[in-house]
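Worksheet: the structure to be examined is printed underneath.
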Amino acid sequence: MTDGDNSRNFITEIIDEHNENGRFNEVVRTRFPPEPNGYLHIGHAKSICLNFGIAERYGGLCNLRFDDTNPAKEEQEYIDAITEDLRWLGYDWDDRLYFASDYFDELYEMAVDLIRIGRAYVDELSPDEIREYRGTLTEAGRESPYRNRPVEENLALFQKMRDGGFKEGEAVLRAKIDMTSGNINLRDPVMYRILDAAHPRTGDKWKIYPMYDFAHGQSDSIEGITHSICTLEYEDHRPLYDWYLDNIEIFHPQQIEFARLNVSHTVLSKRKLIRLVQEGYVRGWDDPRMPTISGLRRRGYSPEAIREFCDDIGVGKVKGVVALHKLEYHLRRRLNKTSNRVMAVINPLKVVIENYPDDQVEEMEAVNNPEDESAGTRKVPFSKVLYIERDDFMEDPPRKFFRLAPGREVRLRYAYFITCADVIKDDNGEIIELRCVYDPETRGGSAPDGRRVKATLHWVSAQHAIQAEARLYDTLFTVENPDSDRNRDFTSFINPDSLRVVNPIYVEPHLRNALAGDRYQFERLAYFVVDPDSTAEELVFNRTVTLRDQWRKDQKKAKKPRRKKRRQRRPAP
RNA sequence: AGGGAAGUAGCUCAAUCGGCAGAGCAGGCGCCUUUGGAGCGCAAGGUUAAAGGUUCGAGUCCUUUCUUCCCUGCCA
């Protein structure tokens, strides 16, 4: 659970067994191996927490290794972003930063060795022909006519591939395994292909690049990785992973597969995230609605919340979807402990305290964080004209509405009890102002005669408040599982109200010096974080997540009557 | 002539290798409160996918069936 340490799972069971039978001499070494072709997202966070967490738990080490074997897709920008996100999450790999491309020379020698022992050959079939020869899921493949070339010829041809004697697509190096295998990965998989692209790290040194399968296991082996943890779709690749290591005869790590994370109301495939960015549904990879680490960071998530979430969901082999609620639970839990409280009004309603002296200003003392005494207190100016939240007043309140109403007394937080004396409307009947009276005896918020009020409202002083912009976010998608519908593109489920900008909102003057990244709780409303778009003239706040709100929940229930347990079932086939 | 994997509460996971099926979240109902926040309490939630078998005893072992997911890139 949230402690992370004592939770057991099928992976720790495997490792415990290895430790008992001495397979790795009780050494545990893991790695996090991203391909630098996109940004890290919450799904990667699970893998990161897992790999670094397992290593830490067993007193081992976790390496960072970029899997950069396909220069056509990879860029330095992504390497930098991934590194930054990992550090922000709080992980450290000391000097153990590696690249698969560091091993290109060794990998090449391993390939030559496989040719020498007759287990690899240069194939000059075209890509289309290779596909055709491969067979199908239910039919065996056929052997390439080039499959039985003599070793010397293969050696010369592979050298020619390396030297640029072939163009892209004209030749590949293949492992000679079994064209009739039920596992298609074993039907003479391609080891090396020719790629006419500059590599971010090796430049134009290489014309040929190893495939993932030929690079990954050996890279693990070279680094002394004991447990190579990856996602379920590589289960079919494990026999190939093992085959290369066995035939090259080098140190043999154990590949272990787990179920990747899915979160409701979002998508986590790189292909789809990139579409969101490129087709303009969001402003960029770090848009606060994105499930990327940089998006979550900008949204106001704390690294601890993400890590605690990952610990909580555990690890298994069952593919499922974790409710967004779960992530938000950990987010609120964390933010509640660490965020300073502040008063801000998003939808203002003017309140004039009729019996308060015109020019008087009082400094009210407010607690910064009731969960953390060391956060101290601050002063909040109070005066005759205030703003309160429009939702905090109803002229004709329903039964369970405890807030302000005509004739009713409520508390202004840290200030006074006030009673609504009059409601002022414009020509359209719109409420534009409340006239209230205050009880001077209730300064600080409690009455000497011990009388109670049912509600406490937040407020700002109109003449002291500073104006700011609020960006109110909702889920990017309107449905739990945007990519589960085979007949509809996921973009058709995009929530048209995923961003609502409110400008101005009114915040207490204490916030004047807030810096980008500072997190606050706007009391009774939500957690907010200062966005980097903020300027010296105007602060911009991103709503991270709302507070839980029983009143609003009850309202929703009242609106949707008797919809009881009727959950949607999947459509009939 | 297909191969691989997974099915335990609405969701995510447990169940000390055969011994009373438990947690967290969500949902429900209360209490409390200078945030309708936070906090606290209570109840509910299960034919362990199904059937058969072994056993004193099966979520766990065996057999069969069903359902779902992954695999036919010179991507990772």
Side-chain angles (χ1 to χ4, degrees), chain A residues 1-2 7-9 13 33-35 37 67-70 72-74 123 125-127 130-132 134-141 168-174 180-187 189-195 208-209 211-213 215-216 230-239 257 259 261 264 270 312-323 325-330 332-333 336-337 341 343 367 370-371 400-403 411-415 444-446 452-458 480 521-526 546-554 565 567:
Chain A
M1 294 222 351
T2 332
S7 66
R8 318 193 45 71
N9 56 57
E13 251 168 56
E35 185 191 14
N37 69 342
D67 231 330
D68 57 346
T69 55
N70 185 358
K73 288 187 169 182
E74 296 152 7
D123 197 353
L125 250 26
S126 71
I130 286 184
R131 186 179 344 107
E132 193 188 319
R134 186 159 33 229
T136 68
L137 293 177
T138 52
E139 289 165 40
E168 264 190 45
E170 286 183 345
V172 291
L173 184 70
R174 291 231 251 171
T180 67
S181 173
N183 182 344
I184 290 171
N185 294 120
L186 262 20
R187 318 240 263 232
V190 172
M191 294 163 58
Y192 269 92
R193 79 288 213 188
I194 295 159
L195 248 31
I208 56 173
Y209 292 91
M211 299 285 288
Y212 164 87
D213 286 304
H216 203 91
C230 59
T231 47
L232 249 26
E233 64 268 30
Y234 291 102
E235 281 174 327
D236 283 346
H237 293 245
R238 181 155 26 93
E257 309 86 12
L261 171 67
S264 74
K270 229 171 246 182
D312 188 17
I313 57 176
V315 48
K317 296 186 81 122
V318 187
K319 297 181 191 191
V321 182
V322 176
H325 275 134
K326 190 94 169 175
L327 220 202
E328 292 184 337
Y329 164 79
H330 286 281
R332 289 191 182 101
R333 201 170 99 92
N336 178 45
K337 297 278 185 243
R341 275 59 168 171
M343 292 197 283
V367 174
E371 303 287 322
K400 290 191 96 177
F401 184 88
F402 302 139
R403 288 118 93 154
R411 171 170 37 238
L412 294 179
R413 182 141 230 235
Y414 301 122
S446 55
R452 319 281 290 225
V453 289
K454 290 211 91 164
T456 302
L457 310 187
H458 61 275
E480 281 182 25
Q521 184 197 105
F522 288 4
E523 291 214 53
R524 302 208 306 131
L525 295 175
T546 60
L547 263 29
R548 291 177 70 235
D549 183 346
Q550 193 57 49
W551 166 250
R552 191 172 39 196
K553 239 164 53 177
D554 291 346
K565 289 267 125 130
R567 296 215 126 258

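Proteins get letters first, then strands, A, B, ... in listed order; numbering begins at 1 in each.
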Given B/C75, is OP1 or OP2 found less than 4.0 Å from the side-chain N or O atoms of A/Tyr212? no

Distance criterion of 3.5 Å, no angle test: do you see the side chain of A/Tyr329 paired donor-to-acceptor with the base of B/A26? no

Indicate, yes or no, whether a donor-acceptor pair under 3.5 Å links the base of B/U35 to the side chain of A/Arg341. yes

What is the distance from CG of A/Asp312 to P of B/C11, rounded to the nearest Å? 16 Å

More 5' along RNA chain B: A/Val321 or A/Ala455, using each one's nearest nucleotide? A/Val321

Please classify the glycosidic conformation of B/G10 as syn (within 90° of 0) or anti (everything else). anti

Under the 3.5 Å rule, do the base of B/U72 and the side chain of A/Glu139 count as making a donor-acceptor pair? no

Of A/Arg332, A/His325, A/Arg333, which meets side chain to side chain contact (heavy atoms under 4.5 Å, CB included) against A/Tyr329? A/Arg333

Could you tell me which residues satisfy side-chain contact (heavy atoms from CB on, under 4.5 Å) with A/Ser126, sequence neighbours excluded, listed by chain and number? A/Asp128, A/Glu129

Any chance you could encode RNA chain B as dot-bracket? Rule is Watson-Crick or G-U wobble with both distances under 3.5 Å; [ ] for pairs crossing earlier ones, | for another strand. .((((((..((((.....[..))))..((((.......))))......(((((..]....))))))))))).....

Between the base of B/G36 and the side chain of A/Lys400, is there any donor-acceptor pair under 3.5 Å? no

Could you pick out which residue, A/Gly141 or A/Pro34, lies toward the 5' side of RNA chain B when each is mapped onto its nearest nucleotide? A/Gly141

Is A/Arg187 near enough to B/G2 that one of its side-chain N or O atoms lies under 4.0 angstrom from OP1 or OP2? no

